[in-house]
2 protein chains.
Amino acid sequence: MADINFAAEQTSPVGAAAAPADPAEPAYDLIELMFFAYRAFTGDADGMLARYGFGRAHHRALHFVARHPGITVAELLDILKITKQSLGRVLRELVETGYVVQREGHADRRQRLLYLTDKGAKLAAEVAQVQTGRLMRALADSGETRESACRLFNGILDPDQRREVETLIARGDGNRRDRHK
Amino acid sequence: MADINFAAEQTSPVGAAAAPADPAEPAYDLIELMFFAYRAFTGDADGMLARYGFGRAHHRALHFVARHPGITVAELLDILKITKQSLGRVLRELVETGYVVQREGHADRRQRLLYLTDKGAKLAAEVAQVQTGRLMRALADSGETRESACRLFNGILDPDQRREVETLIARGDGNRRDRHK
DNA sequence: AATTTATGTCAGCCATATTGACTTATTCCG
DNA sequence: CGGAATAAGTCAATATGGCTGACATAAATT
């Protein structure tokens with residue numbers, strides 16, 4: 001009780017508002033907006049997947065299999081940065097319920113290549129569509145461009161991860177069946 | 001096996017690259033950048049707190065107590081959107097290890113007002129500083145302004161949450177002891 | 001005095017993650 | 001060919017952070 005931090009009571013009388021450009025000043029606005037924004041963002045997927053008895057882990061697996069049809073278990077582990085055991089349970093459930101199928105690798109028959117079933121592709125697309133709606137609305141309401149948003153998010157990554165993530169996203173885009181024009 | 005989704009193999013021969021302005025097109029770039037960026041962002045706090053035997057839940061409590069000294073348990077629950085039982089465990093550990101103290105409410109003696117100890121304030125500040133560093137580097141590297149980043153994150157929130165979050169952040173800023181100018 | 005509110009707590013459950021050890025099938029390599 | 005390495009799967013135990021439901025206490029409100 002002797003060492004309570006009386007921050008609130010010790011404020012100086014002169015209150016300056018937002019935007020402290022001082023680099024030593026904690027960017028509480030950005031920190032907290034990140035937290036609340038991400039919670040809202042993942043809430044979309046959480047709610048939709050819960051209706052099928054799945055959790056966040058299932059969604060992540062579903063999403064990246066949707067984006068990289070034929071991905072191997074090892075590659076998926078590398079993206080998600082979880083253990084084989086954790087992914088194993090989730091993947092087994094997705095296979096048992098008919099959202100994902102595994103096929104033997106062509107070149108390397110030890111591999112289990114992952115694909116979505118039609119049912120899985122439909123669910124993944126529905127979730128992606130809702131998330132896209134939220135992000136597009138955010139762009140419209142904020143007046144930001146998609147390019148600037150991408151640059152900002154990319155900048156938040158560790159510098160040595162940026163190239164890797166860019167490549168991954170580009171690779172996913174290359175797997176699209178619905179490319180037009 | 002009959003209903004595998006052969007998305008990858010069914011692509012049309014004409015591949016258009018990035019930036020589809022089509023609103024019906026899933027914004028996979030933004031969706032995945034959100035995921036990777038948030039993981040990197042929380043990784044900072046996770047790593048630092050783990051050295052003290054704490055997890056992500058402890059960090060969140062610590063952070064919001066730092067920002068709102070004298071906050072009540074009910075208010076903290078409202079911010080974090082978790083149950084009393086979940087917060088209770090985390091809070092007890094933070095109190096037992098001397099990072100948080102509870103004082104009886106002045107007006108309402110049922111309340112337990114939460115404050116950080118000096119030790120707690122130091123840890124919270126250290127984490128906030130590292131997160132701020134990441135976000136400031138993101139702004140610098142992306143060429144975006146802090147204002148545009150805030151607008152974008154705010155836009156990701158549910159529209160009816162935006163005012164509430166803005167108010168919360170402003171209230172936290174009002175509790176700063178280190179306001180200058 | 002009765003009710004409501006703020007907080008805390010007990011007990012149990014679930015989801016997601018971890019580590020470590022081990023198996024099986026297959027490929028790679030000397 | 002045969003041994004080592006690799007891809008995947010599995011068993012068992014553990015930790016964390018959520019949850020529900022039920023209940024207790026003290027203080028405020030009516």
Side-chain angles (χ1 to χ4, degrees), chain A residues 35 38-39 42-43 45-65 70-97 100-115, chain B residues 35 38-39 42-43 45-65 70-97 100-115:
Chain A
F35 171 66
Y38 192 74
R39 184 166 72 183
T42 55
D46 289 349
M48 299 179 70
L49 272 285
R51 295 203 294 268
Y52 298 83
F54 295 136
R56 201 171 286 191
H58 300 87
H59 173 234
R60 293 200 277 251
L62 198 71
H63 173 92
F64 285 105
V65 174
I71 191 174
T72 66
V73 171
E75 287 167 339
L76 190 49
L77 286 174
D78 191 53
I79 291 172
L80 298 177
K81 310 281 188 216
I82 58 176
T83 58
K84 191 173 41 165
Q85 294 86 331
S86 295
L87 180 59
R89 176 182 38 81
V90 162
L91 224 39
R92 177 167 29 78
E93 289 166 356
L94 287 170
V95 169
E96 280 171 359
T97 50
V100 167
V101 288
Q102 296 167 299
R103 317 189 77 209
E104 200 171 67
H106 33 282
D108 187 336
R109 287 169 42 223
R110 290 172 303 182
Q111 297 176 336
R112 295 291 173 269
L113 308 187
L114 304 171
Y115 297 88
Chain B
F35 171 66
Y38 193 74
R39 184 167 70 184
T42 55
D46 289 350
M48 297 178 71
L49 272 286
R51 295 203 293 268
Y52 297 83
F54 294 136
R56 199 170 287 191
H58 299 87
H59 173 233
R60 293 202 276 251
L62 198 71
H63 174 92
F64 286 104
V65 174
I71 191 174
T72 66
V73 172
E75 288 167 339
L76 190 49
L77 285 175
D78 191 54
I79 292 172
L80 298 177
K81 310 280 188 218
I82 59 175
T83 59
K84 189 172 45 165
Q85 294 88 329
S86 296
L87 180 59
R89 179 174 32 77
V90 162
L91 226 37
R92 178 168 29 79
E93 289 166 358
L94 287 170
V95 169
E96 280 171 358
T97 50
V100 167
V101 288
Q102 296 167 300
R103 318 189 76 208
E104 200 169 70
H106 33 284
D108 187 336
R109 286 170 43 225
R110 289 173 305 182
Q111 296 176 335
R112 295 290 172 271
L113 309 186
L114 304 171
Y115 297 89

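Values below: all heavy atoms of this structure, side chains included; hydrogens, waters and symmetry mates excluded. Just so we're clear, the structure is a prediction, and the values are computed from it rather than from any experiment. Reminder, nothing fancy here: chain letters follow the sequence lines and each chain counts from 1.
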Shortest non-hydrogen separation from B:R39 to A:L80 and the atoms involved: NH1-O, 3.0 Å
Ranking B:L113 and A:E93 by the position along DNA chain C of their nearest nucleotide, the one closer to 5' is B:L113
How many angstroms lie between atom CG of B:L114 and atom CG of B:L87, to the nearest 0.5 angstrom? 7.5 Å
For A:F64 and B:F35, take the angle between the two ring planes, folded into 0 to 90°, and tell me which bin it lands in: parallel under 30, tilted 30 to 60, perpendicular over 60. tilted
Given the options A:L77, A:I71, A:L76, A:V73 meets side chain to side chain contact (heavy atoms under 4.5 Å, CB included) only with A:L77
Separation of C:dA15 atom C1' from A:R92 atom CZ, nearest Å, is 13 Å
Members of residues 47-63 of chain B that approach DNA chain D, where some heavy atom sits under 4.0 Å away: B:G55, B:R56, B:A57, B:H58, B:R60
Least distance between heavy atoms, B:T72 atom then B:L113 atom: CG2-CD2, 3.6 Å
For the pair made of CG in A:L76 and P in C:dA17, what is the distance, rounded to whole Å? 12 Å
note: B:D46, atom CG; C:dA17, atom C1'; distance rounded to Å ~ 12 Å
Which heavy atom of A:F54 sits nearest a heavy atom of A:T97, and at what distance? CZ-OG1, 3.4 Å
Do any of residues 80-90 of chain A sit with a heavy atom less than 4.0 Å from DNA chain C, and if so which? A:K81, A:I82, A:T83, A:Q85, A:S86, A:R89
Footprint string (nucleotides 24-30 of chain C, 5' to 3'): B base within contact, S backbone only, - free, heavy atoms under 4.0 Å: -BBS---
Whole angstroms only, please: what is the CG-C1' distance between A:L91 and C:dA17? 16 Å
Under 3.5 Å, side chain of A:R103 to main-chain N/O of A:G70, donor-acceptor pair present? no
Between P of C:dA17 and CG of A:L77, the distance in whole Å: 11 Å
Would you name the heavy atoms of B:V95 and B:Q102 that are closest together and state the gap between them? CG2-OE1, 3.9 Å
